[in-house]
Amino acid sequence: MYRNLPAWLYNAVFYEIYPQSFKDSNADGIGDFNGIIEKLDYIKDLGCTAIWLNPCFESPFRDAGYDVSDYYKTAPRYGTNEELKLLFDEVHKRDMHILLDLVPGHTSVDHEWFRQSMKSERNEFSDRYIWTDNIWEEPTGCASIRGISDRDGSCGVNFFSHQPALNYGYYKPDPQKKWQQSVDDDGPQETIKAVKDIMRFWLTMGCDGFRVDMAGSLVKCDEDGKGTIKVWQNIRAFLDAEFPDAVMISEWGEPDKSLQGGFHMDFLLHFGPSHYNDLFRCEAPFFSGNGDVSEFVKKYKESCEKSERKGLICIPSGNHDMDRLSHSIHGDKLKIAFAFLMTMPGVPFIYYGDEIGMRYVEGLTSVEGGYGRTGSRSPMQWDDSLNAGFSNAPKESLYIPQDNAADRPTVKEQLTDSDSLLCEVKRLIAIRQAHTALQSNGEIEFVYAEKDKYPLAYTRTNDTERLLVILNPSDTETMIPFSHALQEKVYEFGDAIREINGKLAAAPCSASIYRF
Ligand code: GLC
Ligand code: CA
């Protein structure tokens with residue numbers, strides 16, 4: 001059995017909203033909370049039950065808001081704290097849930113904590129970040145910011161060089177380096193308290209939990225993640241005491257570690273050991289019809305075993321850091337990719353726009369620290385009106401330019417075409433919602449996942465039903481052995497499965513689900 005999860009996770013399907021780019025309600029060229037509220041019915045109608053909202057807090061936006069300068073205040077461009085609360089309420093009214101994005105590993109250099117921390121006289125924030133005790137020495141295990149403080153020291157950074165690393169200490173502090181603190185020292189313990197305060201603030205206001213940014217990066221020189229796991233266990237204990245229903249998902253990519261830390265779910269990512277890229281984003285991705293799924297499956301099975309059902313492994317369609325799904329998977333193959341996403345265990349995550357096959361916009365200048373990621377962050381395409389219905393601002397003032405192609409996909413057009421990707425995704429979510437064996441904690445067993453071969457086949461089962469999923473994104477008919485008789489069809493895209501001499505033949509570019 002899986003560990004007890006909040007009940008709503010069993011059949012959850014998430015939708016990731018990048019607030020800048022979803023819907024602009026006041027014609028300033030950038031998305032906002034009221035715009036999201038306007039589109040909640042769309043998300044609900046798609047069949048999604050929950051939202052992950054990218055960071056929406058005060059920030060100089062040198063990393064799209066992952067450089068927080070005030071954790072307690074929403075960025076004015078999105079709206080006020082009250083409007084965010086209204087968004088929570090509107091989400092809950094529709095029986096949905098919403099997670100905020102928590103960035104515990106670093107702040108912006110503009111955060112007041114960092115300003116105080118840079119002062120030469122000791123104060124409450126001197127140990128909030130990782131500082132060496134002289135400017136000529138750099139911190140171990142991370143890059144550093146140097147030469148901008150009165151304080152004589154270098155400060156560790158976590159990601160870009162304007163994102164100083166909050167201090168959770170070193171796993172095994174080096175006694176020669178007096179400035180290295182241990183997780184149990186006062187500085188790191190105060191950091192943990194500060195993070196709990198932030199979580200308490202937003203949970204009290206009504207969010208349902210957090211997606212946690214770079215969750216595995218907190219404690220430094222922590223090769224096996226043991227120190228960071230301990231920090232998260234401490235935070236989970238606080239949640240269990242004060243907000244037992246709060247849901248946590250990590251950007252970690254190593255479920256055998258993150259789930260030990262008390263996270264309910266962990267993402268597979270485009271970095272890390274998961275082979276997630278083999279599916280959708282490499283030179284020859286499996287779902288393009290000419291790739292290999294076997295390494296992914298091998299690693300997936302290993303992760304399931306190692307994570308001992310402490311929580312869920314979640315496979316996203318993409319996110320704001322990756323190339324768009326449609327960059328290397330095209331046409332009907334996108335439908336097969338979604339058939340996979342909607343029939344795997346764990347909770348599926350759909351990155352806004354992936355459900356209509358929004359394209360990666362080539363050739364954009366970096367916006368807000370996006371660099372190559374900018375093309376995956378372009379504003380949502382709703383309809384055929386000005387700016388595809390994203391905003392009433394003049395086209396030039398959209399904060400990221402849109403896909404200018406005449407045939408750019410839109411929600412409106414796809415809703416009226418039953419062959420569209422959007423309609424297929426809706427059907428697939430509905431099938432998942434109607435069959436508990438397909439949901440988060442149904443069992444999975446791989447039937448066929450051979451090196452360089454097609455199709456991919458697996459069973460999803462629980463006490464109530466046994467389903468066989470066969471996905472063939474290749475351009476040829478492929479055969480697999482299967483020893484049970486198939487019963488009725490639950491879902492089919494493309495031509496039907498044929499039973500030939502005890503084998504099953506899957507048509508080119510097809511996806512099927514059968515009871516057996
Ligand atoms: C995570 C975010 C990414 C951000 C980085 C630094 O990977 O998803 O967008 O730039 O962390 O916070
Ligand atoms: Ca706006």
Side-chain angles (χ1 to χ4, degrees), residues 16-39 52-57 59-69 71 74-80 83-84 87 99-109 111 142-143 156-166 195 210-218 249-254 258 266-272 276 314 316 318-323 349 351-352 366-377 379-380 382 386-387 389-394 397-400:
E16 177 190 347
I17 296 183
Y18 191 69
Q20 294 89 318
S21 295
F22 198 55
K23 172 71 188 170
D24 173 19
S25 71
N26 62 349
D28 61 356
I30 197 151
D32 46 57
F33 298 139
N34 287 327
I36 297 171
I37 293 173
E38 279 176 40
K39 294 298 185 184
W52 154 29
L53 186 65
N54 288 106
C56 55
F57 312 106
S59 165
F61 291 99
R62 295 183 197 106
D63 184 15
Y66 282 97
D67 47 335
V68 178
S69 56
Y71 287 101
T74 57
R77 66 191 203 175
Y78 300 134
T80 60
E83 282 163 323
L84 179 56
L87 171 60
L99 305 186
L100 294 181
D101 208 316
L102 179 71
V103 189
H106 51 268
T107 66
S108 158
V109 281
H111 197 292
C142 51
V157 301
N158 223 29
F159 195 67
F160 288 145
S161 42
H162 51 73
Q163 288 160 319
L166 285 161
V195 168
F210 300 93
R211 172 269 186 188
V212 178
D213 187 67
M214 293 179 67
S217 75
L218 304 187
I249 176 161
S250 50
E251 184 201 31
W252 194 321
E254 293 176 82
S258 51
D266 189 27
F267 283 116
L268 299 190
L269 297 162
H270 55 303
F271 56 87
Y276 168 80
C314 297
N319 70 27
H320 59 289
D321 294 328
M322 304 179 201
D323 282 357
F349 276 70
Y351 181 50
Y352 84 94
S366 177
V367 176
E368 299 188 340
Y371 301 94
R373 305 175 293 183
T374 308
S376 297
R377 299 175 174 184
M380 181 67 176
W382 294 102
L386 176 68
N387 302 317
F390 164 68
S391 167
N392 288 326
S397 52
L398 298 194
Y399 99 104
I400 292 181

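One-based numbering, in listed order, for ligands and for the atoms of each.
Per residue Asp32, closest N, O or S atom to the Ca ion (ligand 2): atom name OD2. With respect to the Ca ion (ligand 2), Asp24 has OD1 as its nearest N, O or S atom. Per residue Asp28, closest N, O or S atom to the Ca ion (ligand 2): atom name OD1.
Near His106, meaning under 4.0 Å from one of its heavy atoms, ligand 1 places the atoms 6 (C), 12 (O). Each of the following atoms of ligand 1 lies closer than 4.0 Å to a heavy atom of Arg373: 3 (C), 4 (C), 9 (O), 10 (O). Heavy-atom contacts of His320 reach the following atoms of ligand 1: 2 (C), 3 (C), 8 (O), 9 (O) (cutoff under 4.0 Å). Interface atoms of ligand 1 facing Met214, defined by a heavy-atom separation under 4.0 Å, are 6 (C), 11 (O).
Aromatic pair Tyr352/Trp52: centroids not less than 6.0 angstrom apart. Aromatic rings of Tyr71 and His111 (six-membered ring for Trp) have centroids within the 6.0 Å cut-off, being under it. Phe267 has its ring centre less than 6.0 Å from the ring centre of Phe349.
The single protein non-hydrogen atom nearest to atom 10 (O) of ligand 1 is Asp63 OD2, 2.7 Å, given as residue, atom name and distance. In terms of protein heavy-atom proximity, atom 11 (O) of ligand 1 is closest to Asp213 OD1, 2.8 Å. With hydrogens left out, the protein atom closest to atom 8 (O) of ligand 1 is Asp321 OD2, 2.5 Å, a heavy atom. The nearest protein atom to atom 7 (O) of ligand 1, hydrogens excluded, is given as Glu251 OE2, 2.7 Å; this is a heavy-atom distance.
More than 12 heavy atoms of other residues, nucleotides or ligands sit less than 6.0 Å from atom CG of Asn26.
Between Ser59 and Val68, the shortest heavy-atom contact is CB-CA, 4.4 Å.
Tyr399 and Ser21 share a side-chain donor-acceptor pair at under 3.5 Å. For the residue pair Tyr78 and Glu83, no side-chain donor N or O sits within less than 3.5 Å of a side-chain acceptor on the partner. A donor and an acceptor atom, one from each side chain of Ser108 and Asp67, are nowhere located under 3.5 Å apart. For Asp63 and Gln163, the side-chain atoms include at least one donor-acceptor pair closer than 3.5 Å.
Rounded to 10 degrees, the O-metal-OD1 angle spanning Ile30 and Asn26 at the Ca ion (ligand 2) equals 150°.
Judged purely by atom type and a 3.5 angstrom limit, Asp213 has no side-chain atom pairing as donor or acceptor with the backbone of Glu251.
Tyr18 and His320 have parallel rings, their planes meeting at less than 30° on a 0 to 90° scale where 60° marks the start of perpendicular.
At least one heavy atom of Arg211 sits less than 4.0 Å from an atom of ligand 1. The closest approach between Glu368 and ligand 1 stays at or above 4.0 Å for every heavy atom of the residue.
At a cut-off of 3.0 Å, Ser25 is not counted among the residues with an N, O or S atom near the Ca ion (ligand 2). Put simply, Gly31 stays out of reach of the Ca ion (ligand 2), with no N, O or S atom under 3.0 Å from it.
At a heavy-atom cutoff of 4.0 Å, ligand 1 is contacted by the side chain of Arg377 but not by its backbone.
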